[in-house]
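Every number for a ligand or one of its atoms is a count from 1 in the order of the listing. These figures come from a predicted structure and were not determined experimentally.
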Amino acid sequence: MKYDDNNIFAKILRGEIPCEKIYEDDFILSFYDINPQKKIHALVIPKGKYIDLDDFSSRATPEEMVGLLKGINVVVKKLEISTDTGKGYRVLSNISEHGGQEVPHLHFHLFGGEKVGKMVQ
Ligand code: 5GP
């Protein structure tokens, strides 16, 4: 599958569609989900063009991989949901058809601010 340059997160990265930004650095952009499923529902996306976690894991550079994980850590601290600054959270990434992925640009959902509940509904 080829990366679709017109997916909604690609447009957000290019600044063509607004987002409620939480954090940005060379590797990631984080913003609030437009349709929050929990008290805190943030998204973290890599700046590179990756469709999903499989695509990222096979093609991303070591720097991009470290940048993504470190970026998530900065965001959860900022949101005060990390184990340092809060009471924890759930991180989730949907992959392709069976995973229920809607937007074909790799993203991690961060849920927190309250007990997140059952792992899979
Ligand atoms: P997926 O099902 O692909 O894992 O999740 C896509 C997520 O993107 C959904 O939770 C949806 O609410 C969110 N989303 C879709 N369009 C937009 C948008 O334009 N802005 C923001 N902030 N979130 C979006």
**Q** Out of curiosity, is E20 lining ligand 1, as in a heavy atom under 4.0 Å away?
**A** no
**Q** Below 4.0 Å, non-hydrogen atoms only: which portion of F9 touches ligand 1? Side chain, backbone, both or neither.
**A** side chain
**Q** Mind checking whether H107 and H109 have ring centres under 6.0 Å apart?
**A** yes
**Q** Among L43, I40, L110, which residue satisfies the side-chain contact (heavy atoms from CB on, under 4.5 Å) criterion with D33?
**A** L43
**Q** Which protein heavy atom lies closest to atom 18 (C) of ligand 1, and at what distance to 0.1 Å?
**A** I34 CD1, 3.9 Å
**Q** Atom 16 (N) of ligand 1: which protein heavy atom is closest, and how many Å away?
**A**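 Nearest neighbour among protein heavy atoms for atom 16 (N) of ligand 1, to 0.1 Å: I8 CG2, 3.9 Å.
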**Q** So does D5 get a backbone contact from the side chain of H105, meaning a donor-acceptor N/O pair under 3.5 Å?
**A** no
**Q** Can you find an N/O atom of G100 closer than 3.5 Å to an N/O atom of ligand 1?
**A** yes
**Q** What residue and heavy atom of the protein are closest to atom 11 (C) of ligand 1, and at what distance?
**A** D33 OD1, 3.4 Å
**Q** For atom 22 (N) of ligand 1, what's the nearest protein heavy-atom neighbour? Residue, atom name and distance, please.
**A**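 The closest heavy atom on the protein side is Y32 O, 2.9 Å.
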**Q** Among all protein heavy atoms in this structure, tell me which lies nearest to atom 3 (O) of ligand 1, with the distance rounded to 0.1 Å.
**A**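 Ranked first by proximity to atom 3 (O) of ligand 1 is E102 N, 2.6 Å.
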**Q** Under 3.5 Å between any N/O of F31 and any N/O of ligand 1: does that happen in this structure?
**A** no
**Q** Salt bridge check, K47 against D25: does any charged N sit closer than 4.0 Å to a carboxylate O?
**A**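 Salt bridge: no.
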**Q** Do me a favour and list the nearest non-hydrogen protein atom to atom 6 (C) of ligand 1 with residue, atom name and distance?
**A** H107 NE2, 3.6 Å
**Q** With a 4.5 Å heavy-atom cut-off, do Y89 and V116 have their side chains touching?
**A** no
**Q** Any chance CD of E97 has more than 12 other-residue heavy atoms, nucleotides or ligands included, within less than 6.0 Å?
**A**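 Incorrect, the count does not exceed 12.
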**Q** Within ligand 1, which atoms have a heavy atom of Q101 less than 4.0 Å away?
**A**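 Once the distances to Q101 are compared, the set is 3 (O).
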**Q** Looking only at heavy atoms of Q37, does any of them come nearer than 4.0 Å to an atom of ligand 1?
**A**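 Contact absent.
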**Q** Say whether V91 and F56 are linked into one hydrophobic cluster, either directly or through other cluster members, by side-chain heavy-atom distances under 4.5 angstrom.
**A** yes
**Q** Can you label the angle between the H41 ring and the F111 ring as parallel, tilted or perpendicular, going by 30° and 60°?
**A** tilted
